[in-house]
Each structure stands twice: as structure tokens, then as C-alpha cells.
There are 2 protein chains.
Amino acid sequence: MDWITQFSALDDLSPDLRAKLILQTQVVSVPKDTVIFGPGKKPDSMMFLISGSVRVSQLSETGREIVLYRINAGQSCFLTTASLLAYEEYTAEGVAETDIKAASIPRSVFDAMVSQSAEFRHFIFSTYSKRITDLFIVIEEIAFKRIDIRLAYKLLELSDENDLVAATHQVLATELGTAREVISRQLQEFQRRSWIKASRGIVTLIDPIALKKLSDSE
Amino acid sequence: MDWITQFSALDDLSPDLRAKLILQTQVVSVPKDTVIFGPGKKPDSMMFLISGSVRVSQLSETGREIVLYRINAGQSCFLTTASLLAYEEYTAEGVAETDIKAASIPRSVFDAMVSQSAEFRHFIFSTYSKRITDLFIVIEEIAFKRIDIRLAYKLLELSDENDLVAATHQVLATELGTAREVISRQLQEFQRRSWIKASRGIVTLIDPIALKKLSDSE
DNA sequence: CTTAGCTTAGTGATAATGTCACCGACAAAA
DNA sequence: TTTTGTCGGTGACATTATCACTAAGCTAAG
């Protein structure tokens with residue numbers, strides 16, 4: 001199966017370039033929880049994610065952590081790209097959140113594709129642009145938004161079709177870059193208002209409307 | 001005078017591409033304090049900064065603001081690039097901190113250069129990479145570092161050869177994404193310890209060594 | 001089944017940071 | 001010289017972070 005079909009942004013790639021790209025890349029599988037890159041672990045090729053998701057977070061010296069964004073299927077991992085192109089060191093870490101499949105693209109092939117295909121260029125620059133937007137949003141939120149608003153938003157984001165959030169307080173704290181105790185206390189407050197029901201490792205949303213209202217209140 | 005000489009990363013550009021680039025770009029002058037791009041103000045071309053500096057900051061709905069990074073001479077402004085390439089809307093704002101000169105590059109010329117020159121590609125990707133690193137650092141600092149440490153660092157960064165910092169408390173607050181009162185109180189504490197002398201619009205560093213020591217303390 | 005050991009969550013005390021409302025000091029312009 | 005706007009100071013209070021500890025729930029080994 002041709003992995004490029006997963007990348008709708010590359011639909012318009014010319015047949016010969018498409019063939020060339022497939023020929024020169026390799027599909028790799030990586031098990032869940034693998035550290036793809038991080039401090040002291042340089043990626044060895046550029047990754048285009050075919051299935052699964054990768055969580056990218058920033059680590060602090062003090063052991064705290066904040067989730068920056070996620071790479072989903074059909075997106076390229078711009079940190080592996082940037083890391084290989086610009087020889088910069090990053091302090092961020094990328095971890096496979098699920099078992100993943102990715103196309104591994106050598107530097108030289110990447111460079112050739114950028115040179116030869118306007119579609120490929122557009123895809124790459126769009127990816128960069130999207131990530132930068134994500135980072136801007138993270139900055140705005142941690143700098144200016146109240147933690148209860150951010151938590152309400154995150155609960156809605158992480159909830160499944162049954163309004164369940166399978167996450168420990170610590171995981172939620174990491175998502176928002178705060179401390180576990182802060183999350184525990186906020187969840188107690190939400191529970192007191194009957195917006196959620198908290199149990200070990202699971203948060204049940206009872207009143208998602210109320211949470212939505214809070215998360216929207218600037 | 002050939003503006004490309006200001007961009008050492010483009011030294012290796014081939015003579016014909018260099019000539020082409022100069023021919024197809026326009027050098028523009030922009031006075032200090034001009035808003036180059038921002039919410040509701042899209043840039044109309046990509047900018048390569050020849051002289052001066054541009055301050056890029058993120059605005060919040062509540063009127064607060066945080067400085068994300070600066071573009072200096074010899075660097076390209078990747079937000080104008082990203083904005084024109086990816087049609088994304090950004091909430092960040094770019095302001096000329098000084099009178100500036102910049103090379104204005106049309107989209108089509110940019111695309112052609114990326115296609116035809118490996119050196120140009122490298123320059124562009126390096127710029128992107130550098131900015132992302134800057135944003136990572138900002139996130140780490142606002143999420144995990146104490147404000148006194150960040151302020152000490154910023155004072156050292158902004159001080160001139162006479163250990164003077166020409167900035168109001170409000171400006172320092174914006175640099176760090178915090179409130180003026182917080183800065184006022186921290187400066188009072190620094191002054192109490194005889195590390196600085198504060199007067200209207202000016203901070204004099206009396207003991208930069210002590211400030212350095214604080215800013216280095218994890 | 002029971003208990004030991006680990007993970008997860010709860011709590012009080014205190015520190016650090018942010019917010020609000022206001023005041024006074026200073027400086028440039030009228 | 002008066003007015004006006006910018007800048008900085010302050011108290012009261014709210015929010016968030018940190019620290020040290022306890023307790024509760026889950027799992028697996030004895």
C-alpha cells in the first residue's frame with residue numbers, strides 16, 4: 001500500500017516524483033512509548049507519520065514537563081526535519097503515544113523533493129506554520145489564561161464519545177505544564193459543582209456544557 | 001550596495017541567482033515603531049531584514065503582552081514568510097524597534113529561490129529552526145522559571161556597556177509576560193540587596209555579578 | 001486470601017505570582 | 001505655571017506553586 005495516500009496534502013504530487021519518493025523512503029514501525037527524539041537522542045531521519053500519534057513535550061530541569069503539541073497521521077514531524085537540516089539541539093522530547101508507522105526520509109531525498117516539487121514545498125511550509133501556531137497558542141495559554149479554564153478545555157479535548165477522560169491527575173498536570181496538586185484541587189472544585197465525577201485514573205464529564213461555557217469564558 | 005552581503009548565510013549563492021534575487025527584490029525603509037504585521041494586518045511580502053531590529057510579541061485579549069523574540073539584521077522574518085506561504089492567521093505582532101531597512105521578496109521569487117538554491121533552502125530552514133528554538137526557550141521559561149531569575153537575566157541582556165538598562169517597569173514586564181507590579185516589587189527587592197539602582201525609566205546595575213549568579217541558579 | 005509494595009489522590013501550610021484599585025511623583029507641553 | 005499624561009508605589013486580595021506528608025486503591029507474591 002502506497003503510504004503517500006495518507007498525506008492528502010501530497011495528492012497533487014506528480015507521478016514520477018511520487019514513485020521516486022516511495023522508492024527512496026522506508027516505512028518503519030515503532031512501538032508505543034518509544035522516545036523518538038529527545039535530549040541526547042538525535043533522530044536519524046526525517047519522519048512522516050503514517051499512523052498513530054506522537055506527543056512532543058518540553059522538559060524542565062526540575063522534572064516538570066509540558067505538552068507542546070501532537071503529530072498525527074498525515075503530518076510530518078518538523079522537529080526531526082529541523083534537527084537534521086539545521087544541526088540545532090532541542091530540549092524537547094517526542095514520544096510515540098501509540099504504536100506508530102512512519103515513512104523515514106533521508107536528508108538528501110528531502111532536499112531533492114523540496115527542490116523539485118512545489119506541492120512538497122507547500123506541504124512542508126504548511127507543517128512548519130501549523131506548529132508555530134500551536135506554539136504561539138501554548139505560550140498565550142500558559143502566560144495569560146487561568147488554570148481552571150485551561151483544564152476545562154483540556155478535559156473536553158481528551159474526552160471520548162462517552163464523556164470519559166482516561167488520565168491521571170499527573171497526566172493532566174503535564175498536559176498543562178502545572179503541578180499535580182493544582183489539578184487535584186481544580187477537579188475537586190469541578191466535582192463540587194457536579195460538572196465531573198473523578199475516580200482513580202478516570203474523569204467522567206457529567207456536565208460538558210458547563211465545562212464548555214467555562215473554557216469559552218476568555 | 002548589494003544587500004545580500006549583509007546575509008552571510010547567502011555568501012555561497014551562485015552569481016546568477018544572486019543577480020536574479022537582487023533584480024527581483026526591492027529594498028524598503030520602515031520607520032521605528034511601525035507595526036509590520038499583526039492581528040488584522042497581513043504582511044504583503046516576505047521580509048529579509050537588512051538593518052535594524054523587529055520585536056515580535058504575542059498579545060492577549062486582556063491587554064497583556066509577551067515578547068517572543070527579535071529579528072536582527074541578516075535574518076529573515078519567518079512569520080511574514082509563513083503567513084504568505086500557508087495562509088495561516090497569527091495573533092502575534094511584529095513592530096520595528098528601530099528604523100529598519102528590509103528586502104521585500106515576492107512570493108513567486110521566494111518559491112523559485114527555494115527550488116533552485118540549496119544554499120537558500122538551508123538559510124530558510126535554519127531561520128525556522130532558530131525561531132522554534134527561541135519559542136521553546138520562552139515556553140520553558142514562563143512555565144518553569146521563577147520571575148526573579150528571569151528578570152535578572154533580562155536586565156543583564158538589556159544592559160549597555162555602562163550597566164544601564166533604559167526600560168520602564170512596564171517594558172520589562174512585557175519582555176517577561178508578567179505584570180508591572182511584579183517587576184516593581186522584584187526591582188525593589190534587588191535594590192534592597194544593592195544589586196541595582198532604580199530611577200524613572202532607567203535601571204543601573206550595581207552588582208551584575210550577583211545578578212548573573214541569580215540568573216544562573218538553575 | 002492476605003499483605004506488601006506501588007501508584008494515585010488528598011490535604012494543610014506556606015511561598016510566589018497575578019490582579020485590582022488607587023495614589024503620588026515627575027516631566028513635558030500648553 | 002498649570003495641566004496632563006506617564007511612571008512607579010502600595011495594600012488587599014486571588015490564584016497558582018511548592019513542600020511534606022497521609023491515605024486510599026490496585027496488583028501481585030506469598
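Order of the sequence lines fixes the chain letters, A, B, ..., with proteins taken first and strands second; residue numbering starts at 1 for each chain.
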Would you classify B:Arg185 as touching base, sugar-phosphate or nothing, given that sugar-phosphate means primed atoms plus P, OP1 and OP2, and contacts are heavy atoms under 4.0 Å? base
Respond yes when some side-chain nitrogen or oxygen of A:Thr178 is under 4.0 Å from OP1 or OP2 of D:dA17, and no when none is. yes
State whether B:His169 places a side-chain N or O below 4.0 Å from either non-bridging phosphate oxygen (OP1 or OP2) of D:dG9. yes
Distance in angstrom units between A:Ile147 CD1 and C:dG18 C1', rounded: 14 Å
Donor-acceptor pair between B:Ser51 and B:Gln6 side chains, under 3.5 angstrom: no
When you measure from the side chain of A:Thr168, which nucleotide among C:dA16, D:dG9, C:dA9 comes out closest? C:dA9
Would you mind reading off the distance between B:Leu151 atom CG and C:dA16 atom P, rounded to a whole angstrom? 15 Å
Across the strands shown, which category fits B:Glu189 at heavy-atom distances under 4.0 angstrom: base, sugar-phosphate, nothing? nothing
Heavy atoms from C-beta onward define the side chain here; which of C:dA9, C:dG18, D:dG9 lies closest to that of B:Arg64? C:dG18
Atom-to-atom span, CD of A:Gln170 to C1' of C:dC6 - whole angstrom: 15 Å
Provide, to the nearest angstrom, the distance between the CD1 atom belonging to B:Ile183 and the P atom belonging to D:dT6. 20 Å
Does a donor on one side chain and an acceptor on the other come within less than 3.5 Å for B:Ser60 and B:Glu65? no
Figure out the CZ/P separation between B:Arg192 and D:dT10, and round it to whole Å. 14 Å
Closest to the 5' end of DNA chain C, once A:Ser199 and B:Arg150 are matched to their nearest nucleotides, is A:Ser199
Between B:Arg150 and B:Leu176, is there a donor-acceptor pair closer than 3.5 Å when you use the side chain of the first and the backbone of the second? yes
Distance check needed: D:dA17 P versus A:Ile66 CD1, whole Å only. 10 Å
Step-by-step ring-ring contact (aromatic ring centres under 6.0 Å, His included) determination, A:Phe123 to A:Phe48: CA-CA 11 Å; A:Phe123 173 60; A:Phe48 279 38; 5.5 Å; yes
In this structure, how many angstroms lie between the C1' atom of D:dT16 and the CZ atom of A:Phe144, rounded? 16 Å
Looking only at the side chains, is there a donor atom on one of A:Thr81 and A:Tyr128 sitting less than 3.5 Å from an acceptor on the other? no
Residue-phosphate contact under 4.0 Å: A:Gln188 side-chain N/O, C:dA9 OP1/OP2: no
Ignoring hydrogens and angles, does a donor from either the side chain of A:Arg200 or the base of C:dT7 sit under 3.5 Å from an acceptor on the other? yes
Rounded to whole Å, the CD-P distance (A:Gln191 to C:dT11) equals 11 Å
Answer with base, sugar-phosphate or nothing: what part of the nucleic acid does A:Arg180 contact at a heavy-atom distance below 4.0 Å? base
Under 4.0 Å, counting only non-hydrogen atoms across every strand here, what does B:Glu181 touch: a base, just sugar-phosphate, or nothing? base
Are any of B:Gln186's side-chain N or O atoms less than 4.0 Å away from OP1 or OP2 of C:dA16? no
